Amino acid sequence: MKIATWNVNSLRQRLAHLLDWLKLVEPDVVGLQELKLQDEQFPFAELEAAGYHAVCNGQKSYNGVGIIARHPITDVSRDMGGFDDQQKRVIAATVNGVRVVNAYVVNGQSVASPKFEYKLRWLGAFKDYLTDELGGGAPVAVTGDFNIAPTPEDTHDAGYWAGKILCSDAERAAFRGLLELGLTDSFDKLVAPSGRFTWWDYRMGAFRRNLGLRIDHVLLSQPLAQRCASWHVDTAPRRLERPSDHAPVVAELGT
DNA sequence: ATGGTCGTTATACGA
C-alpha cells in the first residue's frame, strides 16, 4: 500500500502532472494540498477516469486540500471542529480501514509575522484534532505539507535556516508534539537512493542546486508504522516544465 | 541566498 502526499500548488495548473504521476506510480492514497480551487472546480471526472475516488475541501485562490484513493472513500470530515478558521486546510476520510488526515499547515511567513502566531495556534488545534482522530480506533495516516523542517539536517544549510520560519524552535517543538501523540514519521524508513528534501524555492535555481527543505510528511500510527517498509521523495515531477515547487513523498506499507 | 519565481477572478500578496 502506497500512501503519498503532494502539495501541487494549483491543481488546475498541475492536473496533467498529477494524472501522469498516478499512472506511473499507482499510489493507493494521496493527500493533496494547495489546490487553489473551489469544490465545484475540482476535476472529479478526470480523476475517476484515472481510477481514483476523490474528496476535497476547496477554497478560491488559496489553500484547499483533497484526498484521492483507489478504494472508496467514506466518513469524510472537513476542517477542525471547534477551531474557527476561514482557510481550508484540513480534510479527513476513511479509506480501506485507514483513517487518512490530510493537512496544509499554515506557512507563517516569518517568525515576526502575525501569521506566525496563527501558525502556532493552528498547530495547537491540530494536535487536539489528531488526538481525537487517534482515539477513533482506526489506524491513522497523517499526510501533509507541514511547513516544518523537523531537524537542522532537513535543510540544505542549517546555519542559514536556524531560527527562521519553517525551522524555528517553536515550530519544531510543535512537530515533536504531534509525534508524541503516537505517530511515527515514515521518513525513518528512508531508502538510500532518495534525497530527503521535498520542497525547493522557485527562485535562485534552488532545485538545480538542491537547496531544499524537508517539510512534507507522512506520519503513521503504530499499526501502520509497523508495516512501513520505505519512504522516498519522487523528484521526477519537480523536473518537469512548470512544476509544483514541492515533490511528492511516498510511504510504502507491506501487508 | 536575501535578488532572481510562481500562482491567483491578480496588477499585491502569499508562498
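Chain A is the first sequence line, chain B the second, and so forth, proteins listed ahead of strands; every chain is numbered from 1. Since the model is a prediction, treat every value here as computed from it, not as a measurement.
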With the sugar-phosphate defined as primed atoms, P, OP1 and OP2, and the base as all remaining atoms, what B/S/- string results for nucleotides 7-15 of chain B, 5' to 3', for protein heavy atoms under 4.0 Å? SSB----SB
Which residues pass the side chain to side chain contact (heavy atoms under 4.5 Å, CB included) test with Ser77(A), not counting sequence neighbours? Ala92(A), Arg99(A), Tyr129(A)
Residues which pass side chain to side chain donor-acceptor pair (under 3.5 Å) with Asn9(A), listed by chain and number, not counting sequence neighbours: Lys36(A), Tyr202(A)
Sorted by chain and residue number, the side chain to side chain donor-acceptor pair (under 3.5 Å) partners of Thr143(A) (sequence neighbours excluded) come out as Asn102(A)
Return a table of donor-acceptor pairs under 3.5 angstrom between the side chains of residues 61-75 of chain A and protein atoms on other chains or two or more places apart.
{"residue": "Asn63(A)", "atom": "OD1", "partner": "Arg89(A)", "partner atom": "NH2", "Å": "3.3"}
{"residue": "Asn63(A)", "atom": "ND2", "partner": "Gln59(A)", "partner atom": "OE1", "Å": "3.3"}
{"residue": "Arg70(A)", "atom": "NH1", "partner": "Tyr52(A)", "partner atom": "OH", "Å": "3.1"}

Which residues share a ring-ring contact (aromatic ring centres under 6.0 Å, His included) with Phe44(A), sequence neighbours left out: Phe42(A)
